[in-house]
Amino acid sequence: GASQADVACLMVPASTGGFETAIQKGDGTVWCWGLPEPDGSATSSTPVFAVQALGIAGATDIGCGPFSCCAAAGGNAWCWGSEGEGQQGDGTTSTARDTSPDRVVLADGTTPLGGVIGVEGGRSTNCALLNTQQVVCWGHGDDGNLGRGTLSDAANAGAPDVVMGL
């Protein structure tokens with residue numbers, strides 16, 4: 001079973017619907033349950049018991065927001081959940097909710113973001129700490145969430161960008 005130390009994040013319900021719970025176990029596996037549809041409704045396929053996030057082995061950190069989760073594993077970042085504002089970091093935006101982890105890639109759409117040692121989730125923005133001590137973020141760009149030095153990034157960033165001023 002999981003000990004309290006294994007629990008890494010809990011995605012809390014958001015006013016627009018939806019939440020899930022995710023844990024990182026001591027063996028580096030990531031487990032999730034309670035994944036509702038994007039509108040917040042549950043379906044017969046909603047996991048009501050823990051299922052392993054496939055494709056993630058050796059996770060060293062996970063971070064969640066109300067709409068997506070990310071894991072650091074093998075020097076890369078992997079994200080799943082909503083991607084309507086680019087928060088999966090795979091270079092795309094979609095109204096679909098992705099239940100399988102996607103590797104976060106650079107702006108070229110193919111090169112994996114490397115050197116990841118930690119991840120953190122926000123409302124619709126996710127960030128990673130790199131082994132160079134740089135922080136990169138991707139996802140919702142308005143309100144200065146990406147750290148690009150402006151409050152009105154009109155375009156959401158589906159690929160990571162270095163936070164300025166750190």
Side-chain angles (χ1 to χ4, degrees), residues 6-25 28-43 45-48 50-107 109 112-113 116-130 135-148 153 155-163:
D6 290 323
V7 178
C9 75
L10 170 64
M11 292 177 67
V12 296
S15 61
T16 56
F19 63 91
E20 72 176 319
T21 304
I23 66 166
Q24 170 197 331
K25 292 182 73 175
T29 58
V30 176
W31 297 77
C32 304
W33 61 94
L35 179 65
E37 297 303 307
D39 66 359
S41 63
T43 68
S45 63
T46 299
V48 293
V51 293
Q52 186 172 0
L54 299 178
I56 299 177
T60 55
D61 191 27
I62 65 173
C64 296
F67 301 109
S68 62
C69 275
C70 295
N76 297 127
W78 298 81
C79 298
W80 64 98
S82 294
E83 61 180 332
E85 300 186 70
Q87 61 265 48
Q88 285 195 30
D90 62 359
T92 65
T93 58
S94 166
T95 57
R97 185 174 185 102
D98 195 346
T99 58
S100 60
D102 291 322
R103 189 184 331 223
V104 176
V105 296
L106 301 179
L113 173 66
V116 176
I117 58 174
V119 290
E120 190 60 54
R123 179 168 169 80
S124 295
T125 304
N126 293 310
C127 298
L129 174 63
L130 307 180
V135 175
V136 296
C137 296
W138 58 94
H140 183 68
D142 294 339
D143 305 318
N145 296 346
L146 298 176
R148 293 178 170 174
D153 283 327
N156 295 325
D161 201 2
V162 175
V163 173

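Because only heavy atoms are used, hydrogens play no part in the values below, and waters and symmetry mates are left out as well, while side chains stay in. All residue numbers in this chain count up from 1 along the given sequence.
- In this structure, Asn76 and Leu113 have side chains that are not in contact, with every pair of non-hydrogen atoms separated by 4.5 Å or more.
- Residues satisfying the side-chain contact (heavy atoms from CB on, under 4.5 Å) test with Ile117, not counting sequence neighbours, are Leu129, Asn131, Gln133.
- Considering all non-hydrogen atoms of both residues, Cys137 and Val163 come closest at SG-CG2, 3.6 Å.
- Here the side chain of Asp102 pairs no donor or acceptor atom with the backbone of Asp90 at under 3.5 angstrom.
- Side-chain contact between Ser68 and Asn126 is present, with at least one heavy-atom pair separated by less than 4.5 Å.
- Between Leu130 and Val136, some side-chain heavy-atom pair lies under the 4.5 Å cut-off.
- Taking 4.5 Å as the limit, every side-chain heavy atom of Val30 sits out of range of all side-chain heavy atoms of Trp78.
- The shortest side-chain heavy-atom distance between Val104 and Pro160 falls under the 4.5 Å cut-off.
- Considering all non-hydrogen atoms of both residues, Ile62 and Gln24 come closest at N-OE1, 3.5 Å.
- A pairwise comparison of heavy atoms in Ala59 and Ala73 identifies CA-CB, 3.9 Å as the closest pair.
- Side-chain contact check for Trp80 versus Cys70: every heavy-atom pair is 4.5 Å or farther apart.
- When every heavy atom of Ala159 is checked against every heavy atom of Val105, the shortest pair comes out as CB-O, 3.8 Å.
- Rounded to the nearest 0.5 Å, atoms SG (Cys127) and CD (Glu120) are 8.0 Å apart.
- As summarised for Cys69 and Cys79, their two SG atoms remain at a distance no smaller than 2.5 angstrom, missing the threshold.
- No donor-acceptor distance shorter than 3.5 angstrom exists from the side chain of Gln88 to the backbone of Gly86, with no hydrogens or angles considered.
- The shortest non-hydrogen separation linking Asp61 to Gly118 is OD2-CA, 3.4 Å.
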